[in-house]
There are 2 protein chains.
Amino acid sequence: MAISETRKLVSMDKPLVSAISDICDPEESKVAFVRDLFGRLGEKWSMRTLDELAHGPLRFTALMNVLPGISHRILTVTLRTLETDGMVSRTAYPETPPRVEYALTPLGESFVCRALSMVAWAQDHQREIEANRANRR
Amino acid sequence: MAISETRKLVSMDKPLVSAISDICDPEESKVAFVRDLFGRLGEKWSMRTLDELAHGPLRFTALMNVLPGISHRILTVTLRTLETDGMVSRTAYPETPPRVEYALTPLGESFVCRALSMVAWAQDHQREIEANRANRR
DNA sequence: CGGTATCCAAAAGGATACTG
DNA sequence: CAGTATCCTTTTGGATACCG
């Protein structure tokens, strides 16, 4: 796809995020937004959490169980971030003891679909990448 | 896409990474690999660096200039990681003063293509996500 | 110029105790 | 049970000086 020859052709715009600007609006705010979002989703447990919720709603404690190694506190902050972005919904049932269910929102489902294509890519290239790492060590 | 109903159907397998296991091999090593790769690419400057190189090869100093705010040392470690994974190539020309060019490898180009679809998703949902954030703070 | 080595600051993550 | 608050450890990133 000769992506490496495009600098000469479109030398005045910015990359990745901005390759998209060839099509739409090159506003700096969009670049910042995408970088920020990627940062949030790159947090240690975000993808794993979304992944678990992709199989159906789960309670706080259930999530702890399927995410071995996560701490009480980190699960809370991870869920709060995802909730703030609208990827996950939180439903508290007014009972004693309390019961809270977390689930993917439609936005969250939409994201997971895209993420799956990245996962597929990663798996397709696993041998290639591991071979590279081995050669250099 | 009713992804939220699948837990009952395939209750014994694992998520995201593993939704893919419905199709191929559910080996734990693959899950670990993808998580690890995502972690590397989630590092602060990895995506930005790939992005810049997507427009063509660049020298070390040129990269510093197009990545405002990155430190000398961090650019080095970022490039080393990308090089180790085979996403970026490093070519040193034996001159004085030294000249070193970094470029995307075919693997790196392939990755950037996939990443662009994630970027597009992010931009498509920017308003939606920002609206969610605003509501909750 | 393109690094590596050293040192330091900031942020992320984790353990744990306490609460409604 | 599902948190919040507090404290501590680890990791990451940045500033800087020096080297081939």
May I ask you to say what A:Tyr102 touches in the nucleic acid, namely base, sugar-phosphate or nothing, with a heavy-atom cut-off under 4.0 Å? sugar-phosphate
Between the base of C:dG14 and the side chain of A:His72, is there a donor and acceptor pair under 3.5 angstrom? no
Calculate the interatomic distance between [X] atom [atom1] and [N] atom [atom2]; express it in whole Å.
X        : N      : atom1 : atom2 : result
B:Tyr93  : C:dG3  : OH    : P     : 13 Å
B:Ile70  : C:dG3  : CD1   : P     : 13 Å
A:Leu67  : C:dG13 : CG    : C1'   : 14 Å
B:Glu101 : C:dG3  : CD    : P     : 12 Å
A:Leu63  : D:dC1  : CG    : P     : 14 Å
B:Met64  : D:dG13 : CE    : P     : 15 Å
A:Leu75  : C:dA15 : CG    : C1'   : 15 Å
B:Arg80  : D:dT12 : CZ    : C1'   : 18 Å

Measure from the side-chain heavy atoms of [X] and tell me the nearest of [options].
X       : options               : result
A:Ile74 : C:dG3, C:dG14, D:dC1  : C:dG14
A:Trp45 : C:dG14, C:dG20, C:dG3 : C:dG14
A:Thr76 : D:dA2, C:dC1, D:dG3   : D:dG3
B:Glu43 : D:dG13, C:dA15, C:dT4 : D:dG13
A:Ser71 : C:dG3, D:dG3, C:dG14  : C:dG14
B:Arg73 : D:dG13, D:dT6, D:dT4  : D:dG13

So, does [X] get its side chain near the phosphate of [N], meaning an N or O under 4.0 Å from OP1 or OP2?
X       : N      : answer
B:Arg90 : C:dG2  : no
A:Thr61 : D:dA2  : yes
B:Lys44 : D:dG14 : yes

Under 4.5 Å between any side-chain heavy atoms of [X] and [Y], yes or no?
X        : Y        : value
B:Val88  : B:Leu104 : yes
B:Gln123 : A:Phe33  : no
B:Leu37  : A:Trp121 : yes
A:Leu79  : A:Arg90  : no

Less than 4.0 angstrom from a charged side-chain N to a carboxylate O is my criterion; do B:Arg80 and B:Glu83 meet it? yes
Toward the 5' end of DNA chain C, by each residue's nearest nucleotide, A:Val77 or B:Arg99: B:Arg99
